[in-house]
Protein chains: 2
Amino acid sequence: MAEEKVLTDKQIRTARYAKAMGHPVRMYVLDLLSNQSCCYSGDLSDELPIAKSTLSQHLKELKDAGLIQGEIEAPRVKYCINKENWQEAQHLFREFLKI
Amino acid sequence: MAEEKVLTDKQIRTARYAKAMGHPVRMYVLDLLSNQSCCYSGDLSDELPIAKSTLSQHLKELKDAGLIQGEIEAPRVKYCINKENWQEAQHLFREFLKI
DNA sequence: ATATTTGTTCGTAATTTTACGAACAAATAC
DNA sequence: GTATTTGTTCGTAAAATTACGAACAAATAT
């Protein structure tokens, strides 16, 4: 028998994205990356008043949530939006918020 | 001199709402309340596989974030969407996600 | 080869989140 | 009155989050 699912996959995935968006620094990064194609983490590090290790942690969370992706361009790292998942997030939030 | 603000108020407020949405149980509640006018926490407690004290905590977080509001209808409590803030969240996310 | 640049990982600490059951408060039911 | 229903608050514990500096790795520059 299939289990009674109370929480839908949609709710779980939307919550996952929302959680990743749930910090001002990560909102800043997503705002930037959704408005321009890419950025280097050095650019972020210069702007944001946090330790580079902390920034790296936030970027990792965004990567783990699937919202961004990093590409090594030695010795730097170029970050971009993960378009596929960003689109999914747009769909999920549009449905959820009915906008 | 005005301080250099790196993080905008919009980013901070959007992150605040996102954080509140960042748990499956809270997404479930918001999903329900944005689709119907109100509900009693007993209805939620019956559906969701969590302790009632845990549910109460989640409801409090949604209240603290401003997304819902509770009204005592003794001996029960009726919860509704906080329409004003829900609208603000809709605007913020629409702008952020460009949808 | 050595130094510099860039960013991650490690180790650590403080705080927050998530969860539960027990205790409690307030109203209704008997 | 006492019992029941409903939901919050309290106490507690485990896990996750946020933050920092130091150490490290990898490539480039000198």
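Values below: every heavy atom of this structure, side chains too, minus hydrogens, waters and symmetry copies. Chain letters run A, B, ... following the sequence lines, proteins first and then strands; every chain starts at 1. From a predicted model like this one, the values you see are computed outputs, not experimental measurements.
Taking the ring pair (Phe, Tyr, Trp, His ring centres under 6.0 Å) definition, one finds that A:Tyr17 meets it with nothing, sequence neighbours left out. Legend: residues meeting side chain to side chain contact (heavy atoms under 4.5 Å, CB included) with A:Ile99, ordered by chain and number and at least two apart, are A:Arg94, A:Leu97, B:Gln90, B:Arg94, B:Ile99. Judged as a ring pair (Phe, Tyr, Trp, His ring centres under 6.0 Å), and not counting sequence neighbours, B:Tyr28 has no contacts. Applying the salt bridge (charged side-chain N to carboxylate O under 4.0 Å, His left out) rule to B:Glu47 yields no partners; only residues at least two apart in sequence or on another chain are considered. Residues meeting the side chain to side chain contact (heavy atoms under 4.5 Å, CB included) test with A:Ser53, sequence neighbours left out: A:Ala51. Taking A:Asp9 as the reference, A:Lys5 meet the salt bridge (charged side-chain N to carboxylate O under 4.0 Å, His left out) condition, with sequence neighbours excluded.
Although no hydrogens or angles enter the test, the distance criterion places no donor-acceptor pair under 3.5 Å between the side chain of B:Ser56 and the main chain of B:Lys52. No donor-acceptor distance shorter than 3.5 angstrom exists from the side chain of B:Thr54 to the backbone of B:Ile50, with no hydrogens or angles considered.
Contact of the B:Glu95 side chain with the B:Lys10 side chain is registered, since non-hydrogen atoms from C-beta on lie closer than 4.5 Å.
An end-to-end axis angle of 10° holds for the helix from C:dA1-D:dT30 to C:dC30-D:dG1, taken from five base pairs per end and rounded to 10°.
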Validation: residues 65-83 of chain B side-chain donor-acceptor distances under 3.5 Å, sequence neighbours left out:
residue, atom, partner, partner atom, Å
B:Glu73, OE1, B:Tyr40, OH, 2.6
B:Glu73, OE2, B:Lys78, NZ, 3.3
B:Asn82, OD1, B:Glu84, N, 3.3
B:Asn82, OD1, B:Asn85, N, 3.2
B:Asn82, ND2, B:Gly66, O, 3.4

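The residue A:Lys78 sits apart from the nucleic acid: no heavy atom pair falls under 4.0 Å.
In this structure, A:Leu44 and A:Leu55 approach most closely via the heavy-atom pair CB-CD2, 3.8 Å.
Applying a 4.0 Å cut-off to non-hydrogen atoms, the residues of residues 56-71 of chain B that approach DNA chain C are B:Gln57, B:His58, B:Glu61, listed by residue number. The stretch residues 35-52 of chain A touches DNA chain C through A:Ser41, A:Gly42, A:Lys52, each having a heavy atom under 4.0 angstrom from the strand.
Here salt bridge (charged side-chain N to carboxylate O under 4.0 Å, His left out) pairs that include residues 58-67 of chain B, with residues two or more places apart or in two chains, are B:Arg26-B:Glu61, B:Lys60-B:Asp64.
The residue among A:Pro75 and A:Thr54 whose nearest nucleotide of DNA chain D lies closer to the 5′ end is A:Thr54. Mapping A:Lys19 and A:Ser53 onto DNA chain D via the closest heavy atom, the residue that lands nearer the 5' end is A:Lys19.
When DNA chain C is scanned 5' to 3' for any atom under 4.0 Å from a heavy atom of chain A, the first and last hits are C:dT6 to C:dT9.
In this structure, the ring of B:Phe93 has its center no less than 6.0 angstrom from the ring center of B:Trp86.
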